[in-house]
Each structure stands twice: as C-alpha cells, then as structure tokens.
Amino acid sequence: MEARHLRYALALAEHGHFGRAAGALGIAQPPLSKQIADLEREVGTRLFDRTRQGVFPTAAGAAFLSRARRALDEIAAAPVDAARAARGETGRLRLGFIASALLEPLPDVLGRFGRERPDVRLELHEMATSRSTASLVAGELDVTIGLGRPRGVGAEHLVSVPIGHDHLVAVVSSTHPYAGRTSVDVAQLRRQPLIIASGEDEPAVATALRSLLGKDSPGLSGATVARDIHTIIGLAACGVGVGLGPSRMLTAPRRGTWFCEVTPRTPLPDLVLSFQARDRSPALNAFLDVIRENCPEVGAALDHRLGPPGPQESGPEATSAPRLCP
C-alpha cells in the first residue's frame, strides 16, 4: 500500500464518481478503478459501494478513510517537522547548572532561548559541578555550566569555554562585627567560623580556598558546608559564621546580611560552559547561538574553537579567557 492509494480512495469518496475522481487526480478512469480494486483486495474487504446514484464508502471504507486522512496529514507534516528539527526549533536540551548561574548569565540566556525556541523541551537540572560533569561525560546531559574546567575521565572529550569570572567575597549577618566594613583581610578569615561550598561538589572552589587560607586553617577544618550560594547567604544571615562565595552573590542581596570584599582580591574558578566535542545536536547548536548573541565575547571564544555558525571538529582545550558576559 502506497500513499497514492490513500489519495485515490479519498478522491473517490469526495467526488462519489470514478470519472470525476479520475479527472481530479489527472489520471484515466480505468487505472483508478483498478487501483481501488487492488486496494480493496489488499485490505481484505469492500471499501466502496458502486450504485447507480454514485460511489459511496462502506462502513469499512469510512473507517479506512478516517485513518487515510490522518496518515496523509502525517506524511505531509514529516518534512516540515524534519526541517524544524534540523534548525533546532524542536527537540530536547538537557542542561545541568550550578545555582549561582541563576544569578547570571542564565536568566537572560534561558529567557531568550525560550522565546526563540519555544518548542524545544528544556530539561533543567540544578546540580553541583562534580555531578554535572559526570553526567555530561556519561551522555545524560547535553550541556553544563559549572565552576572550573571539567576534570577526570572523559573530560578530554569536552569543549569548555569560560562564561563568567568571579572573585571571593564574604557575607555576614547585619549584627556581625564585620557588618559595615567594605573589606575583610584573609588573615582575619582564618580565625572565623566559615560557611563554604562542599569540596566534594565543588572541588575547584575547595582547592582555591585551601590555597588561600591554608589546608590546616581552623576556619576551613571546622567550616559549615552549604549546598549552594543561597544556603551560604541564608546561614550567614542566621549568624552561623562568615559565608565565602563568588562575587556574583552581590546580585542577590538579602535582608539582614552584609557583603565585604576579601583582600587581597582573590580570583575564583571561572564559570565554565561545557559540552561534548562530538555533539552535533541542532538543539545544542541553537543554544550556543543564543550564547553567541547574548554574550558576544563568549561567542567569540566559541567561534574560535568551533567555527561559526555551529560546532565543528575541535580539541579538548579551551581558549584563553576573554572578557565575559554579562
């Protein structure tokens, strides 16, 4: 059975006459009669009653025609859907991200992507960098935003570009002795109860803090471990200790807290966008295009690695860090 058989049956049902249906189809009447007879033999039952008043679908014919219409509609839609998928207008994108990326740049990027690609199904997973890297390598995610360049088995197959720079800041409750100060010295932090991110979840941050404060620092050894920056800020507001986190926390002020710069100014691991070098998913390409449009400097780094407009063959190492969005 071919699509033309379905079209012939529908034309015959519409015109109710073999001659008129054949004329509408642009074929002679005898071939149409033969094709309908062949179709009925293949289906195994009579689809049309031939009467002096015209040709009418049987009950079996009406059921067949209902399916035939849907089948032809699906056939017509198939190339349209294929073209949309190839342009990244449909499909699925699985994104793993750390909580601080929701401060910047994810709100603008996801907002724009949602407006430009409303039919792409976004699966968003807030998770620590260590987990998102493992999921990306395992093929469970399409793209991640985490802290520091991915490391470990499989990381050599990833494309990674920095999308944000941060430096260390401290947050305390409004009743803490540091409240009202513009900065606090690293030496002072070594003697304070600290609130920090989990070293298991964010190893790059833990390494940076050990390098800054010393691996035997009392503040580090007795630190309260928080899941994300929002928890760090919340615990600081409760007076638990001095929260240490990225400067992007400054965009999320909370009542009852005070932020201080840490001196000397201490860079933290970059916020890094990563995806599989071999991934040629149109939905991923569309997401990278939004990154290019929203963050031109990041787009320049991507283009240097992958070549515009979409990913091409590339190696594992990222370019030197540009000035980044926002």
Arg151 atom CZ, neighbour heavy-atom count above 12 within 6.0 Å: no
Side-chain donor-acceptor contact under 3.5 Å, Gln276 with His157: no
Joint cluster assignment, Ile27 & Met1, ILVMFWY side-chain distance < 4.5 Å: yes
Under 3.5 Å donor-acceptor, Ser211 side chain and Thr207 backbone: no
Glu202 side-chain N/O to Ala128 backbone N/O, donor-acceptor pair under 3.5 Å: no
Same apolar cluster: Phe259 and Ile229, side chain cutoff 4.5 Å: yes
Rounded distance (nearest 0.5 Å) linking atom CG of Leu124 with atom CZ of Phe97: 5.5 Å
Linked, directly or transitively: Leu271 and Met249 (ILVMFWY side chains, under 4.5 Å): no
Identify each donor-acceptor pair in which a side-chain atom of residues 180-189 lies under 3.5 Å from a protein atom, sequence neighbours left out, and give them as a table.
unit_1 : atom_1 : unit_2 : atom_2 : d
Arg181 : NE     : Ser183 : O      : 3.4
Arg181 : NH2    : Gln188 : OE1    : 3.2
Asp185 : OD2    : Ala187 : N      : 2.8
Gln188 : OE1    : Asp185 : N      : 2.9

Val172-Leu194 co-clustered via ILVMFWY side chain contacts under 4.5 Å: yes
Salt bridge Arg112-Asp108, side-chain N to carboxylate O under 4.0 Å: no
CD (Glu200) with more than 12 external heavy atoms under 6.0 Å: no
Leu141 vs Phe275 side-chain heavy atoms within contact, under 4.5 Å: no
Flag side-chain contact, heavy atom, 4.5 Å: Ile163 against Pro105: yes
Flag side-chain contact, heavy atom, 4.5 Å: Phe64 against Leu39: yes
Interatomic distance, Leu235 atom CG to Ile196 atom CD1 [nearest 0.5 angstrom]: 12.0 Å
N-O pairing of Glu126 and Arg227 below 4.0 Å: yes
Connected hydrophobic set around Val225, excluding itself, where side chains approach under 4.5 Å: none
Within 6.0 Å of CZ in Arg70, more than 12 heavy atoms from elsewhere: yes
Lys/Arg N to Asp/Glu carboxylate O, Glu40 vs Arg50, below 4.0 Å: yes
Same apolar cluster (I L V M F W Y, side chains within < 4.5 Å links), Val143/Leu147: yes
Lys/Arg-Asp/Glu bridge criterion (N-O < 4.0 Å) met for Asp289, Arg292: yes
